[in-house]
Structure formats: structure tokens, C-alpha cells
There are 2 protein chains.
Amino acid sequence: MNDSPDIKKEIKQSKPFEYKSAEAIVALLRTTDEIKRRISEVTAREDITPQQYNVLRILRGAGYDGLPTLEVGKRMIERSPGITRLIDRMEKKGLVTRNRSGSDRRCVPCKITSRGIEVLDSLRDPMARIEADIDQKMSSNNLDLLIELLAELRK
Amino acid sequence: MNDSPDIKKEIKQSKPFEYKSAEAIVALLRTTDEIKRRISEVTAREDITPQQYNVLRILRGAGYDGLPTLEVGKRMIERSPGITRLIDRMEKKGLVTRNRSGSDRRCVPCKITSRGIEVLDSLRDPMARIEADIDQKMSSNNLDLLIELLAELRK
DNA sequence: TAAAAATAGTTGACTGGTCAAGTAAAATTA
DNA sequence: TAATTTTACTTGACCAGTCAACTATTTTTA
């Protein structure tokens, strides 16, 4: 009770949704939070975070030459300014290797290790199960529609 | 080059999207990441995180009696097991108060302070601008559709 | 009513993520 | 070609989030 007495007057719930988009934003945040939690549960089996999983996918797709550290960061689904640290931790776990490039000595190309590929392989099925579950829940048309609407939102 | 020689064989990009839902998940993560970044930019003006902003909104809506700590956690858009710490930090900043309840001494109801309300007020317009921007970008029908599809995804 | 279970929250140890400033190499420009 | 700018990171300090174990209180149940 150490607040000013007129706090009562000030506390008034604003109209629930002034803009319709506010409701969409909340729905977006909630839905994504839920999906992220499910993905986390899967990646946790191999002691990695969803972000680290994303890096592994990117590096597997990149092939032998690997990719410079910051380029990996740019390709991530969720932007991650802390990409150096993220990859530090992955290197410690033996999931990736890093070697300063010979041609451009500023760059440090990262490559996935065979251990990293093993981890991806072992997560493949449980990850597919998440996707299959959604695929079953929503029609293909609605998924297309959703993808389209989300693209529109991103402009 | 300290990887096994057959790593070359193992690196093969899996088909881009085995399930259509995979593409939707990526779109969802990307879109939400972008929106969250915009929201962060706004809340940063008042030196709070989007989660703290969310707590302030919940507490303003809750009125005088405030809400028990864990109840606040449950109402959050993104679930947050670290709610105690989160509110610790907010209390330090003078945005909320906490007092162990008289009737049930296990509970610690949290209340927003007038300073907390000030912060909400000062973020109101910039936050509305984010919403207005989306409202302008998408038709009301499409927003409804999006909200519906997201609800379907959450089951 | 005493013991057991459930609830509400706190705390400590840890990991992960973020920001700002710094370094080193390459590219650009004067 | 020397000075400047840009690029590609790295590092240090800090904050936020997570997990497991713990305390205190209330509720249930035997």
C-alpha cells in the first residue's frame, strides 16, 4: 500500500484489442512459443538447443567448404548476434570444427563434423514427428494459406 | 580436414520440405522473430524486456489485489518458468511491489506501481504504431484468417 | 488429528544470449 | 602507396533463463 492513492483510478484495462493486429501478434507469439518448446524437447535429447540444431542443419547443407561464422549467423531462422559464442560451444562439444581461412585470413569457415551429422540423424525422426503432427492437424491448403499470410506480414 | 573421409558421402541436403508443415514452422519462427525484435526495440526505450512489458500489462489488468507470482507466470504470452527472477528485477526497478499475502501466507501477490503505469503509458504509442503498421499491411479479413489458422495449429 | 501430499514461491549453480568495444586482415580511396 | 574504411570476427562484462533442490504453508487423507 505504498502506492499513490489514485492508482485505483489509473488502473483500467484498456480495450482488449484496439487493433485487430494486436490479437494476431499475441496468437503468433503464443503459437510460436508452443512450437519452440516442442522443438526444444527434441533437441534436448542430444543436449543441444534449437539454435544449435539450426546451425547443424545449415552446415550440413553447406558442404565441405563450410561457411564463414557470420554467414552462418545470417542464415539462421532466428537472428543471433551471439553466433561466435554459439559456435564456440558447439566446437567444444565436437559438433563443428573451425579453421581460419587461408585465402581470406579474416574468415573462419565452420564445418559440421561426423559427430554433428550423427546428432542430426538421431533427431531426424522425432523432429519429423512434430511436423507430421501438424501436417495431420491442418490441411495442405490451410498450411499454404498460413505460409502466405505470414509472408505478407513480413512484408 | 580432421573429419572422416566419408563425410562427403554423408553430407547430402535432405529434400527441402518433406512435410509442408516444416515450411510453415520456419515461416512462423521467422515472422515471430522479426516482430519480437520490433517489440524489443520499443520496450528497450524504457529499459525493460518484452516479457517485463507483458507482466506490466497483466498486472495493470489485474487491479488492486494484484496477482500471485505464479499466476502472473501462467498468464504470460510466452511461458516463463523464471518468473520469480523476472519479477525480482522489476521490483528492483520500482515497477512492481510484492508483499506476502495475509490470508494465504504462501502467496506473494504482485502489484504494479504508479511508476510501472507510467512506463506502460509511455510505451503505448510506439507499441500502437507496430500494430497500426500491421493493420495497414493486412486486411481485416486476412488477420482474422491468420488468427484462426494459428488457433488451429495450437489445436 | 497426525502424517502425507500439494501448493507457492525462493535460492543456487549453471548455461545461454546480448551489447559494446577491440583486433586483425582486406578492400577502398586519396 | 599510405591512410581510411570495411569486413569478419573475438572478447569481456553483464543480464536473462533454466533446472533442481529447498522452505514454508495449506490442504487432504488415513
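All values below come from the heavy atoms of this structure, side chains included, with hydrogens, waters and symmetry mates left out. Protein chains get the first letters and strands the later ones, always in sequence-line order, with residue 1 at the start of each.
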(message) Looking at A/R79, I'd like to know if its CZ atom is crowded, meaning that more than 12 non-hydrogen atoms belonging to other residues, nucleotides or ligands lie closer than 6.0 Å.
(response) no

(message) Give me the atom names and distance for the closest heavy-atom approach of A/L59 to A/V72.
(response) CD2-CG2, 3.8 Å

(request) Going by the side chain to side chain contact (heavy atoms under 4.5 Å, CB included) test, name the single residue among B/V119, B/D121, B/L56 that passes it with B/E46. (result) B/V119

(message) Donor-acceptor pair, distance only, cut-off 3.5 Å: does the side chain of B/Q52 make one with the backbone of B/T49?
(response) yes

(request) Over all heavy atoms of both residues, which pair between A/R115 and A/G94 is shortest? Give the atoms and the distance, please. (result) CB-O, 3.6 Å

(message) Need to verify one output field. Residue with the more 5' nearest nucleotide on DNA chain C, B/P68 or A/D47?
(response) B/P68

(request) May I ask you to say what B/T84 touches in the nucleic acid, namely base, sugar-phosphate or nothing, with a heavy-atom cut-off under 4.0 Å? (result) base

(request) Using a 4.0 Å cut-off on protein heavy atoms (strictly under), produce a 5'-to-3' string for nucleotides 16-29 of chain D with B for base contact, S for backbone-only sugar-phosphate contact, and - for none. (result) SSB------BS---

(message) What range of DNA chain C does chain A touch, first nucleotide to last, counting atoms under 4.0 Å from its heavy atoms?
(response) C/dG16 to C/dA26

(message) With clusters defined by side-chain heavy atoms of hydrophobic residues (ILVMFWY) lying less than 4.5 Å apart, directly or transitively, does A/L145 cluster with B/L146?
(response) yes

(message) Minimum heavy-atom separation for A/P109 and A/S101, please, with both atom names.
(response) CD-N, 3.6 Å

(request) Please collect all salt bridge (Lys or Arg N to Asp or Glu O under 4.0 Å) contacts where either partner lies in residues 142-155 of chain B, sequence neighbours excluded, each pair once. (result) A/K20-B/D144

